[in-house]
Chemist: 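My structure is below; once you've seen it, I'll send some questions.
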Amino acid sequence: MKKFALCLLAATTLAGTAALAQGELNYTTADVVKFPRTIYAGEVAGVATNSKGHIFVFQRAGNPWIALGGSRIFTHGGDQLLQFDQNGTFVREIGKANYAATVANSVRVDARDNIWAVDRTSGMVIKFAPDGSRILMLLGRKPESINVTIAGGGGAGRGAAPAEGAAPAAPRGAAAAAPAPTAGRGGPPGAGSQADTFSGSSDVAWDAQGNIFVSDGWGANNRVAKFTPDGVFVKSFGQTGSDNQSLNSPRSLAVDAVGNVYVADHNNNRVQVLDNNLNYVRSITGVGAPWAVCISPGATQYLYVSNSNTPDNLEAAGEIYKMQLNGSVVGRFGKAGKGPREFGTVNQMDCRQANTLYTAEAGAWRVQKVTLR
Amino acid sequence: MKSYLTPAILIALLATVAPGVSQQRATIEDGPKVADLNYRAVPGFFKVPRGMQFGETQGIATNSKGHVFVYFRDPQTRMWEFDQNGNFVKEIGKGYYGFLYAHSMRIDRHDNIWAVDEGTNIVTKFDPTGTKVLLVIGTRPPVADGISTAGAPTTPDENYLLCRPADVAFDLDDNIFVADGYCNNRVVKYDKNGKFLAKIGKRATGTGVGEFNLPHGLQVDKAGNVYVADRGNARHVVLDNNLNWKAAYTQYGSAWSNCISTEGPKQYLFMTNSNPNGNPPGSWAITGQIYKAELDGTVIGKFGKAGKLEPNFQVVHMMDCRNPNVIFVGEIESWRAQKFVLQSTTTAAAPAAGAR
């Protein structure tokens, strides 16, 4: 039934840039998440697992809408954060219809099993308790009014982020009467404010001390921000650009065991590696346009990088790279598509186990479990 | 003694779209000279319905029975009633045409429930059960009139039209006072049936006598004096019952909101020096606390500090202080409502402070 690709397993030792000698890894995919009858799949933006193997799916669902106020319009959406057990059986919805829910972008589970949801249009990061019953901390604040561009496609204020086919409503518009809240006072373009005000928060990660790292790359900002475990702003890295101190659409990030930060610097076709104090260390290139990253735990950590296809193109990209942390490629697997063993715009990935991935596919509206042989 | 007041400009704020106003300033005060009041949080007081949560908690108020009402921004702006033990009782105003973007709520001496909505520009008086609309002030622009997406105010400065109103208060004659708020920068007085009586302020923001820059919190004492938290000017203004200017207290920080206690032999004025939206670095060191003062502006003490985790404050938007020793706060950026028990105070040890 299943045809496995030839496993080449060329464990290259090339550092820095990935070379062409990339082996196709042997892998299978499976649909493991069983949606209840009352909930439909939407654009799956994020997926994560906790220590018990439960699966958390963060998707764009329902119908984003605006309400007409006396002086302003108010934008709301329909994110759903769904918990499934280790068998894929639905457990509960978390944070149902909360105020931040606008355009889901990531969910991650920290070392203590707290669940973190990242919404990019409201610019908010929500920390839920492990059972999802209550909110422990918030970063960011949803803009009071989010302008809506009537014309299709992108819109003012989206910065350099390319249009993503199915982005619903409300791109961040530059308000006419006031500076965009995240414009950053006097700083370089895309540097954002030195605070927890996000333009398009895309992902969250933590180091072993519990410090919080947030990538802010789906709006006007192109930066990564660091916070203490209590949510106090520490520092941010990046501005719009392509040099080593800049980022262009950072869409995902992960932190390794010693605290280095790996940023999917999508439009610059590289993974930027920063140290724990957000100083530039090196760039990893040769892996397409990184859209999603994750790092597996254990003594030998691996970095997975998805060169995700855009939803409007199933003929290019889509492969996922398995790498050593120094940037050398172990192998690659997959291609764009919506069938089995294909990937439909992987927006985020989970790799709590070294050879088991979960892919959140915003183009295929599904989660897949990937097992590497 | 007087030197303990040292205004300082804080970092500019990263407020959201708020035309003509901003939370640009906080004042710093020389902390050690103001007494720290003992207080304790009552963690987990509010038992929200399972699987649900508050949104941006804009309004919080208690009634004479000790029930607590929380008015918050959610995909649908909502108001929830809790009993005196924090158990959920019911939702008020579900589907109501005057609920779009919560800003403030207060409860009058008859236990009527008042909501101020800055999305619909409506101030609503509900009956004590929250099931019947008794009076509205303002008009919600109909959809057919179109809508500005530019964030600019569209409502003219007319006596019966509000523009992003911020707060409501009442005197013992049941006259109604509205802080009309983000674009009209005025305080308006109506009689108990909503008939216009007087106003102060003008559309343009100003820093002088008779001017406001976002009147954001509003209370009336038992003598009928009106207290305005003039947020953009970081001052608390006192007016007489006919809206004549009396005084301004400038030493209490960002002046986001105020509260005057009603139980007990004398009234106290609480003022919040809320930390700014966006939490710019350094801001927590000089903002966050709530002050307790005499009505004449003499400071009694302060409590609390800024922070994201309970029991700290994360942009306090409203306080309830019916009982001056039990303070409820609603916070914007933490989506929280919290209950605190505050030590009772006498005024004997309070240092003198200047009211200007």
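Order of the sequence lines sets the chain letters (A, B, ...), proteins ahead of strands, with each chain counted from 1. Just so you know, these numbers use all the heavy atoms, side chains as well, and skip hydrogens, waters and symmetry mates.
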Chemist: Which answer fits W335(B), side chain, backbone, both or neither, if we ask what part of it has an atom under 4.5 Å from a heavy atom of chain A?
Modeler: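 Answer is both: backbone and side chain atoms of W335(B) are under 4.5 Å from chain A.
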Chemist: Excluding sequence neighbours, so at least two apart, what forms side-chain hydrogen bond (donor to acceptor under 3.5 Å, both in side chains) with Y190(B)?
Modeler: none
Chemist: Does any heavy atom of chain A fall under 4.5 Å from the side chain of I332(B), the backbone, both, or neither of them?
Modeler: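 Side chain only.
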Chemist: Quick one: does any side-chain atom of H317(B) pair with a main-chain N or O of G330(B) as donor and acceptor, under 3.5 Å?
Modeler: no
Chemist: I'd like to check the side-chain hydrogen bond (donor to acceptor under 3.5 Å, both in side chains) partners of D110(A); sequence neighbours left out, ordered by chain and number.
Modeler: N114(A), W116(A)
Chemist: Give the ring-plane orientation class for F227(A) versus F233(A), where under 30° counts as parallel, over 60° as perpendicular and anything between as tilted.
Modeler: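 Aromatic pair F227(A)/F233(A) classed perpendicular.
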Chemist: Are there residues of residues 124-135 of chain A that reach to under 4.5 Å of chain B by heavy atoms, and which ones?
Modeler: M124(A), I126(A), I135(A)
Chemist: Partners of R78(B) by side-chain hydrogen bond (donor to acceptor under 3.5 Å, both in side chains), sequence neighbours excluded?
Modeler: E91(B)
Chemist: Using the rule ring pair (Phe, Tyr, Trp, His ring centres under 6.0 Å), only one of F84(A), F35(A), F56(A) pairs with F90(A); which is it?
Modeler: F84(A)
Chemist: Does the plane of the ring in F88(B) sit parallel, tilted or perpendicular to the ring in W80(B)? Use 30° and 60° as the thresholds.
Modeler: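 Correct class here is perpendicular.
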Chemist: I'd like to know which of E310(B), E333(B), E56(B), R336(B) tops the heavy-atom pair count under 4.5 Å against chain A.
Modeler: E56(B)
Chemist: Quick check on the interface: out of E93(A), H76(A), K96(A), who has the most heavy-atom pairs with chain B under 4.5 Å?
Modeler: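 Among the listed options, the one with the most contacts to chain B is H76(A).
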Chemist: More than 12 foreign heavy atoms under 6.0 Å from CZ of F196(B): is that the case here?
Modeler: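 Counting other residues, nucleotides and ligands, CZ of F196(B) exceeds 12 neighbours.
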Chemist: Highest number of heavy-atom pairs under 4.5 Å with chain B: which of A67(A), A100(A), G78(A), G140(A)?
Modeler: A100(A)
Chemist: Examine whether an atom of R140(B) lies under 4.5 Å from a heavy atom of chain A, and if so say whether it belongs to the side chain, the backbone or both; otherwise answer neither.
Modeler: side chain
Chemist: Could you tell me whether K199(B) and D180(B) have a side-chain N and a carboxylate O separated by less than 4.0 Å?
Modeler: no
